[in-house]
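Below is one structure, written out as structure tokens, with a few remarks after it.
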Amino acid sequence: MDTIVLVAGSANLDFVVRAAHVPAPGETVLGRDFATFPGGKGANQAVACAKAGGAGTRMLLALGDDDFARPLERSLREAGVELRIVRSAKPTGAAFICVADSAENAITVAPGANATLAPEHLPSLEGVGWLLLQLETPLASVAAYAMRARAAGVRVALNAAPARALPDELLDALDLLVVNEGELLAIAGGEDGIREKLSRLRVPSVVVTLGSRGCLAKHEGGFLEQPAFPVDAVDTTAAGDTFCGTLVAALNRAASMADALREASAAAALACTRLGAQASIPARDEVEAFLRERV
Ligand code: RIB
């Protein structure tokens, strides 16, 4: 029987404004159009995982009892994600995002209900092949989930975003860590190069995403490089989440790490060509067509 992927993490309603550039501290920028989108690193990764297909995706999330929660539930369900919702007395999480014409963004998150996800909320791990975590929910809960999954023989992936130092007990429970360069520095420290930092981490597989330079993975005693797919980017929001969800979905269906990295990079590139977080995540057939054109 196929195993499923369980994502435990955040869901936010994203309030997005486009502007010529992201404001500097103390600066006011006159932006243009405004829109709301379903977002949150956990929910984005669950949608990416479900759209990548191959097995079921379940998500543990905390939402308020409010109007912000409804579009988030709808987006996840429409993508085929099975939900385990903790209904919180706090408001649903919200993110305030400025997307620059360069496609880069600046994000501030009000965690709200996400901060109430507690160790005792982890659902049954029966039938779960991979647990996928991020750092927009309390660190104590993330660590507790990882350790329980590791003890149950479930493989554990962590996208360590937003950046912060991590306790050894969490790192020791991981099979896969996905970070960008800033997150890698926060975890591994040091003034040495990326390969040295990756080698220093005890996690068996570590992927560092490098934006337009692609990604580099430490895996099974060696290094794998995956170049980025060049696209005309309009919004990089959730590109990293698309990468993580697609990567874990591919590994859950027993793809090789090299194939999983290629598929995840293609999905992330496509996500950069559209506005919004979950709204930008491609379906698997789009990713396959994109890759067929680039053999
Ligand atoms: O990674 C992008 C996400 O970060 C956004 O959807 C926003 O909600 C924040 O969580």
Would you say the side chains of [X] and [Y] form a donor-acceptor pair under 3.5 Å?
X: Ser75; Y: Gln278; result: yes
X: Thr237; Y: Asn105; result: yes
X: Asn114; Y: Thr137; result: no
X: Thr242; Y: Asn44; result: no

**OP:** Specify whether Phe34 and Phe15 have parallel, tilted or perpendicular ring planes, treating 30° as the upper limit for parallel and 60° as the lower limit for perpendicular.
**Re:** parallel
Lys/Arg N to Asp/Glu carboxylate O, [X] vs [Y], below 4.0 Å:
X: Glu78; Y: Lys51; answer: no
X: Arg292; Y: Glu286; answer: no
X: Glu196; Y: Arg200; answer: no
X: Lys218; Y: Glu220; answer: no

**OP:** Check step by step if side-chain contact (heavy atoms from CB on, under 4.5 Å) holds for Leu61 and Leu76.
**Re:** CA-CA 11 Å; Leu61 70 167; Leu76 285 158; 3.7 Å; yes
Is the shortest side-chain heavy-atom distance between [X] and [Y] below 4.5 Å?
X: Val287; Y: Leu270; answer: yes
X: Phe223; Y: Ser199; answer: yes
X: Met59; Y: Arg84; answer: no
X: Pro282; Y: Arg274; answer: yes
X: Glu293; Y: Phe229; answer: no
X: Phe68; Y: Pro91; answer: no
X: Tyr145; Y: Val154; answer: no

Just by modelled atom types, is the [Y] backbone N or O under 3.5 Å from a matching donor or acceptor in the [X] side chain?
X: Thr209; Y: Gly211; result: no
X: Thr236; Y: Ala103; result: yes
X: Glu183; Y: Asn180; result: yes
X: Arg58; Y: Ile4; result: no
X: Asp66; Y: Ala69; result: yes
X: Thr246; Y: Phe243; result: no
X: Asn159; Y: Cys244; result: no

**OP:** Before giving the answer on salt bridge (Lys or Arg N to Asp or Glu O under 4.0 Å), spell out for Arg150 and Asp172 the whole-Å C-alpha distance, their side-chain angles and the decisive distance to 0.1 Å.
**Re:** CA-CA 9 Å; Arg150 162 57 61 110; Asp172 288 344; over 6 Å; no
Shortest non-hydrogen contact from [X] to [Y]?
X: Pro71; Y: Asp67; value: CD-O, 3.2 Å
X: Ala62; Y: Thr116; value: CB-OG1, 3.9 Å
X: Met257; Y: Leu224; value: CG-CD1, 3.6 Å
X: Ile187; Y: Arg164; value: CG1-O, 3.6 Å
X: Ser141; Y: Pro119; value: OG-CD, 3.3 Å
X: Ala163; Y: Ala186; value: CB-CB, 4.2 Å

**OP:** Would you verify whether the NZ or CZ of Arg294 falls within 45 degrees of the ring axis of Phe290 while also being under 6.0 Å from that six-membered ring's centre?
**Re:** yes
What pairs of donor and acceptor atoms, side-chain ones from residues 93-101 against any protein atom, are under 3.5 angstrom apart with sequence neighbours left out?
residue: Asp101; atom: OD1; partner: Arg32; partner atom: NH1; Å: 3.4
residue: Asp101; atom: OD1; partner: Arg32; partner atom: NH2; Å: 2.8

Roughly how far, to the nearest 0.5 Å, is [atom2] of [Y] from [atom1] of [X]?
X: Asn252; Y: Cys49; atom1: CG; atom2: SG; answer: 7.0 Å
X: Leu177; Y: Leu170; atom1: CG; atom2: CG; answer: 8.5 Å
X: Glu104; Y: Asp235; atom1: CD; atom2: CG; answer: 11.0 Å
X: Glu225; Y: Leu216; atom1: CD; atom2: CG; answer: 5.5 Å
X: Glu181; Y: Ile194; atom1: CD; atom2: CD1; answer: 4.0 Å
X: Thr36; Y: Asn12; atom1: OG1; atom2: CG; answer: 12.5 Å

**OP:** Go through the steps for Leu125 and Leu6 under the test side-chain contact (heavy atoms from CB on, under 4.5 Å), then give the verdict.
**Re:** CA-CA 8 Å; Leu125 294 170; Leu6 173 64; 3.8 Å; yes
Original post:
After noting the C-alpha distance and the side-chain angles of Thr57 and Glu82, does the key distance pass the side-chain contact (heavy atoms from CB on, under 4.5 Å) rule?
Top reply: CA-CA 6 Å; Thr57 305; Glu82 189 192 313; over 6 Å; no
Could you check whether atom [atom1] of [X] has more than 12 heavy atoms from other residues, nucleotides or ligands sitting under 6.0 Å from it?
X: Asp232; atom1: CG; result: no
X: Glu73; atom1: CD; result: yes
X: Glu27; atom1: CD; result: yes

For the hydrophobic clusters of this structure (ILVMFWY residues joined by side-chain heavy atoms under 4.5 Å, transitively), does one cluster hold both [X] and [Y]?
X: Leu201; Y: Leu166; answer: yes
X: Val203; Y: Leu210; answer: yes
X: Val7; Y: Leu60; answer: no
X: Leu176; Y: Leu174; answer: no
X: Leu117; Y: Val109; answer: no

Let me have the donor-acceptor pairs involving side chains of residues 126-136, under 3.5 Å, with sequence neighbours excluded, atom names and distances please.
residue: Gln134; atom: NE2; partner: Gln45; partner atom: OE1; Å: 3.1
residue: Glu136; atom: OE1; partner: Ser10; partner atom: OG; Å: 2.5
residue: Glu136; atom: OE1; partner: Lys41; partner atom: N; Å: 3.1

Subject >> Test log, rule side-chain contact (heavy atoms from CB on, under 4.5 Å), inputs Leu275 and Phe37 >> reply: CA-CA 9 Å; Leu275 192 60; Phe37 292 96; 3.9 Å; yes
